[in-house]
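What you see below is based on every heavy atom in this structure, not just the backbone, and it leaves out hydrogens, waters and symmetry mates.
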Amino acid sequence: MDESGFTKGKDVTRRIKVSCRHASVLFSTILKAKGIPCRSRAGFMDFGNDGACYTEHWVNEYWSGEEKRWVLVDVDGYYEYEQRFGYSQFDLPRHKFITASEAWLGTRNGTLNKELDIFVPNLLEGIQEYLFMDFHALMNNEIFYSYQPAYLRSRSGMLDEAELREIDELAGLLQNPDENMEEIEKIWYDKNKFTILTNNTQNIYCDVFERDKTV
């Protein structure tokens, strides 16, 4: 908020407050503008570095053409300044991050042996929010925290088993988005209830089908 740019001694009250999501979306935007494939991912990060507890977080994956792999990056991290970690925040080991789909299926199946630190009372509901944020991020529609499919907001905690299995199916596909992209895109364009959103604070509806689908 200070037009002087990147200079020393700036008034901290003139700074905007951002979160890991903002940092992730900005990083994706910068790399895409440079022609480097990059995507934001919503899930859970092992900040304690002991594999015991994972906290809500947004990260990035960018494609390394040289190494032929998606590199996991946390531009909102602080790992570069602490030698104890032993790795770079610009090439994180995969065990550091649990995708929302892994957390959802692991919780549903009772196979997730890690604690998740989620800022909502209901664990499955909190994971569900991150699952849909991750789904939308993979479709280049990085939604804000308060936006979720409208049908879920109106039936919070009251989904029947058939509806839960429907989300299970989506989570299964998101486990490997590269191999399953055709099926994921079919859900994106055909299953309106996953893409018509509402803001839980303002009850504003947003139909993603009004967007330019070429973006």
Closest non-hydrogen atom pair between [X] and [Y], with its separation:
X: G126; Y: V120; result: CA-CG2, 3.4 Å
X: D76; Y: C20; result: OD2-CB, 3.5 Å
X: Y54; Y: H95; result: OH-O, 2.9 Å
X: I184; Y: P177; result: CD1-CA, 3.8 Å
X: L116; Y: A103; result: CD1-CB, 3.9 Å
X: A42; Y: D134; result: N-OD1, 3.1 Å

May I ask whether [X] and [Y] are part of the same hydrophobic cluster, defined by side-chain heavy atoms of I, L, V, M, F, W, Y residues being less than 4.5 angstrom apart, directly or through others?
X: I36; Y: W70; answer: no
X: V75; Y: W63; answer: no
X: L26; Y: V71; answer: yes

Any salt bridge between [X] and [Y], counting N to O under 4.0 Å?
X: D178; Y: R39; result: yes
X: E129; Y: R153; result: yes
X: K193; Y: E166; result: yes
X: E61; Y: R94; result: yes

Drop me the distance from [X]'s [atom1] to [Y]'s [atom2], to the nearest 0.5 angstrom.
X: S101; Y: L173; atom1: OG; atom2: CG; answer: 9.5 Å
X: E142; Y: M139; atom1: CD; atom2: CE; answer: 11.0 Å
X: T99; Y: L105; atom1: OG1; atom2: CG; answer: 8.5 Å
X: M45; Y: L92; atom1: CE; atom2: CG; answer: 5.0 Å
X: K32; Y: S28; atom1: NZ; atom2: OG; answer: 5.0 Å
X: L152; Y: T198; atom1: CG; atom2: OG1; answer: 11.0 Å

Polar side-chain atom of [X] near backbone of [Y] as donor-acceptor pair, under 3.5 Å:
X: D46; Y: G51; answer: yes
X: K114; Y: A52; answer: no
X: H136; Y: M133; answer: no
X: N141; Y: A137; answer: no
X: D117; Y: T55; answer: no
X: S24; Y: V59; answer: yes

Could you label the plane-to-plane angle of the H22 and F144 rings as parallel, tilted or perpendicular, counting under 30° as parallel and over 60° as perpendicular?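 Answer is tilted, since the angle falls between 30° and 60°.
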
Is there a side-chain contact between [X] and [Y], using heavy atoms and a 4.5 Å cut-off?
X: Y145; Y: F119; answer: no
X: R165; Y: R108; answer: yes
X: Y62; Y: P37; answer: no
X: N180; Y: L174; answer: no
X: F97; Y: L72; answer: yes
X: R21; Y: V25; answer: yes
X: V73; Y: Q89; answer: no
X: E183; Y: W188; answer: no

Intermediate values then yes/no, side chain to side chain donor-acceptor pair (under 3.5 Å), K96 and Y87: CA-CA 11 Å; K96 287 289 294 180; Y87 46 76; 2.9 Å; yes

Is it true that, when you exclude E161 itself, more than 12 heavy atoms of the residues, nucleotides or ligands shown sit nearer than 6.0 Å to its CD? yes

So with a 6.0 Å cut-off around NZ of K186, is the heavy-atom count from everything else above 12?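 It does not: K186 NZ has 12 such atoms or fewer within range.
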
For L138 and R41, what are the C-alpha separation, side-chain angles and deciding distance, and is it a side chain to side chain contact (heavy atoms under 4.5 Å, CB included)? CA-CA 7 Å; L138 285 168; R41 301 300 305 266; 3.8 Å; yes

Pair D11, T13: side-chain N/O donor-acceptor within cut-off below 3.5 Å: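 D11 vs T13: donor-acceptor pair found between side chains.
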
Could you walk me through whether C38 and F27 pass the side chain to side chain contact (heavy atoms under 4.5 Å, CB included) check? CA-CA 8 Å; C38 186; F27 188 71; 4.0 Å; yes

Result of checking F135, F44, W104 against Y130 for side-chain contact (heavy atoms from CB on, under 4.5 Å):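 Exactly one pass, corresponding to F44.
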
Could you walk me through whether I167 and Q128 pass side chain to side chain contact (heavy atoms under 4.5 Å, CB included), step by step? CA-CA 8 Å; I167 299 175; Q128 172 191 284; 4.1 Å; yes

Do the two ring centres, one from H57 and one from F47, sit under 6.0 Å apart?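 Here the rings of F47 and H57 have centres that are less than 6.0 Å from each other.
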
